[in-house]
Amino acid sequence: MKVSDAITLMLTMLEGIDRLRKAISKARSEGRDTLTKEEVDGFAADAATANQRLLENINSLS
Amino acid sequence: MLNIIKKFDAGTIRALAIATVPLLVLIASLFGVDELMFEENVNLWVDRAAAIAAALAVAWAAWERLFKPTPPLTETAAKLTEERLVQEGKTVVDSSGNAIAGLQLRNERGHAKAAFLALLSAVALGATACGTLFPSLKSFDDRAAGAYTLVSSVADSANALLDVRQRELNQMEPSTAREEKLETIRRDFTNVHEQLERARTAIDVARSLQDIDFKSAENRLDSAVKILKALQEYLEKEGA
């Protein structure tokens, strides 16, 4: 792994966490105590995509 | 420096900071400030300060590891290092056999590679950020979203580590050892993928249960987060 790869990884991880933080802040600013089902579904879809990408990379090992 | 770290252990500082919060709240209440609001804000800033301190500590450790000679952590390690330097002819010994110039000559860099340190920093920073964010997630749906975010983070970490392993394989000549290593890597990461899938499914099930059996839903969500944290720790060890 190159340093640039690791930095990209760091930014990717922080991006996910920052997205969650923003979604929660938005909900609070709109007077909601919780995220909507659709918002949580978005995070579920991202998790599924990330894990699918892992499987594809495992299968392409050579 | 190790002695200083021992004295000013991050956990101790954080504990002291947290212990100071009730005192500040008490003082603030004397001036008519809303106690609950004030305590929440102070706790938030303590957590932020702890997260920044942790990130700086990782960066500082990485910097030291890259550009400073590696200090042996124990007396035994120091002795073994001196012996190895003598064997390699990199040090001078006096008539009693004591190394007298070893420290000046011991100028090798640390054993960690820059990329690994960057990876470790990424994982540590992500874990710190998650650790800071998660306690603020109060509702079930918020925590479910947090758990999904953790799934994505662990999968991304695994992908990065898999990339490192692929490059290691690329540097090996075709051989039985290479094939065995390939199989081991494939098996290990398939396990990680399956555990992630299990955690993701557990979160899905927890969400579907929350209106029927909230207690059971909570338990499933907690189990999923435990699996994810264990996976994160496993990947950190694998990276080392």
Side-chain angles (χ1 to χ4, degrees), chain A, chain B residues 113-127 129-130 132-133 136-167 169-170 182 185-186 188-190 192-194 196-197 199-200 203-204 207 239:
Chain A
M1 170 185 268
K2 292 176 185 170
V3 175
S4 58
D5 295 338
I7 291 170
T8 307
L9 164 71
M10 183 170 68
L11 293 176
T12 308
M13 288 174 73
L14 290 179
E15 194 186 326
I17 293 161
D18 193 48
R19 217 155 45 77
L20 175 61
R21 192 186 58 76
K22 279 179 182 164
I24 290 170
S25 294
K26 182 171 169 273
R28 300 287 186 272
S29 68
E30 289 172 0
R32 286 186 279 127
D33 288 336
T34 184
L35 296 174
T36 62
K37 183 182 176 300
E38 288 70 27
E39 284 169 333
V40 182
D41 284 345
F43 289 101
D46 288 345
T49 307
N51 208 23
Q52 182 60 31
R53 197 164 50 238
L54 175 62
L55 181 64
E56 284 165 12
N57 287 343
I58 292 167
N59 290 335
S60 64
L61 267 178
S62 59
Chain B
K113 291 179 182 172
F116 166 65
L117 287 169
L119 172 66
L120 195 61
S121 303
V123 172
L125 194 60
C130 283
T132 310
L133 185 63
S136 68
L137 304 177
K138 293 192 172 65
S139 78
F140 183 88
D141 282 329
D142 288 3
R143 282 188 289 122
Y148 282 131
T149 303
L150 204 49
V151 171
S152 303
S153 293
V154 174
D156 287 338
S157 305
N159 265 322
L161 196 56
L162 194 61
D163 191 40
V164 174
R165 295 287 178 261
Q166 178 66 73
R167 286 174 202 216
L169 285 170
N170 292 346
L182 174 62
I185 293 168
R186 193 168 277 156
D188 289 349
F189 281 88
T190 302
V192 172
H193 166 73
E194 286 171 359
L196 278 174
E197 203 57 23
R200 199 175 65 78
I203 304 165
D204 289 344
R207 285 181 70 201

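Just so we're on the same page: letters track the sequence lines, and every chain starts at 1. Note that this is a predicted model, so its numbers are computed, not measured.
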Are A:K37 and B:D141 side-chain neighbours, meaning at least one heavy-atom pair lies under 4.5 Å? no
If you measure from the Lys or Arg side-chain nitrogens to the Asp or Glu carboxylate oxygens, is any gap between B:D142 and A:R28 under 4.0 Å? yes
With chain B, the option among A:V40, A:D33, A:T36 that has the most non-hydrogen atom pairs under 4.5 Å is A:V40
Specify which of B:A145, B:A199, B:A158 makes the most heavy-atom pairs with chain A at under 4.5 Å. B:A145
Using non-hydrogen atoms only, which part of A:N57 is less than 4.5 Å away from chain B: side chain, backbone, both, or neither? both
For side chain to side chain contact (heavy atoms under 4.5 Å, CB included), just list the numbers for B:H193 and A:N59, CA-CA rounded to whole Å, side-chain angles, deciding distance to a tenth of an Å, and then say yes or no. CA-CA 11 Å; B:H193 166 73; A:N59 290 335; over 6 Å; no
Rounded at 0.5 Å granularity, tell me how far CG in A:N51 sits from CG in B:D156. 10.0 Å
Answer yes or no: is there a side-chain heavy-atom contact under 4.5 Å between B:E197 and A:L54? no
Looking at A:F43 and B:Y148, what are the two nearest heavy atoms and their distance? O-CB, 3.6 Å
How close do B:Q166 and A:S62 get, heavy atom to heavy atom, and via which atoms? NE2-O, 2.9 Å
Given a strict heavy-atom distance threshold of 4.5 Å, which part of B:R200 is in contact with chain A: side chain, backbone, both, or neither? side chain
Non-hydrogen atoms of chain A under 4.5 Å away: do they reach the side chain of B:L169, the backbone, both or neither? side chain
Does any backbone or side-chain atom of A:A23 lie under 4.5 Å from a heavy atom of chain B? Answer side chain, backbone, both or neither. neither
Closest non-hydrogen contact found for A:A47 with B:S152 is CA-OG, 3.3 Å
For the atom pair CG (A:L35) and CZ (B:R143), what is the distance rounded to the nearest 0.5 Å? 12.0 Å
Interatomic distance, CG@A:L55 vs CG@B:L196, rounded to 0.5 Å, equals 11.0 Å
By a 4.5 Å heavy-atom criterion (distance strictly below it), what part of A:S60 contacts chain B: side chain, backbone, both, or neither? backbone
Least distance between heavy atoms, A:I58 atom then B:F189 atom: CD1-O, 3.2 Å
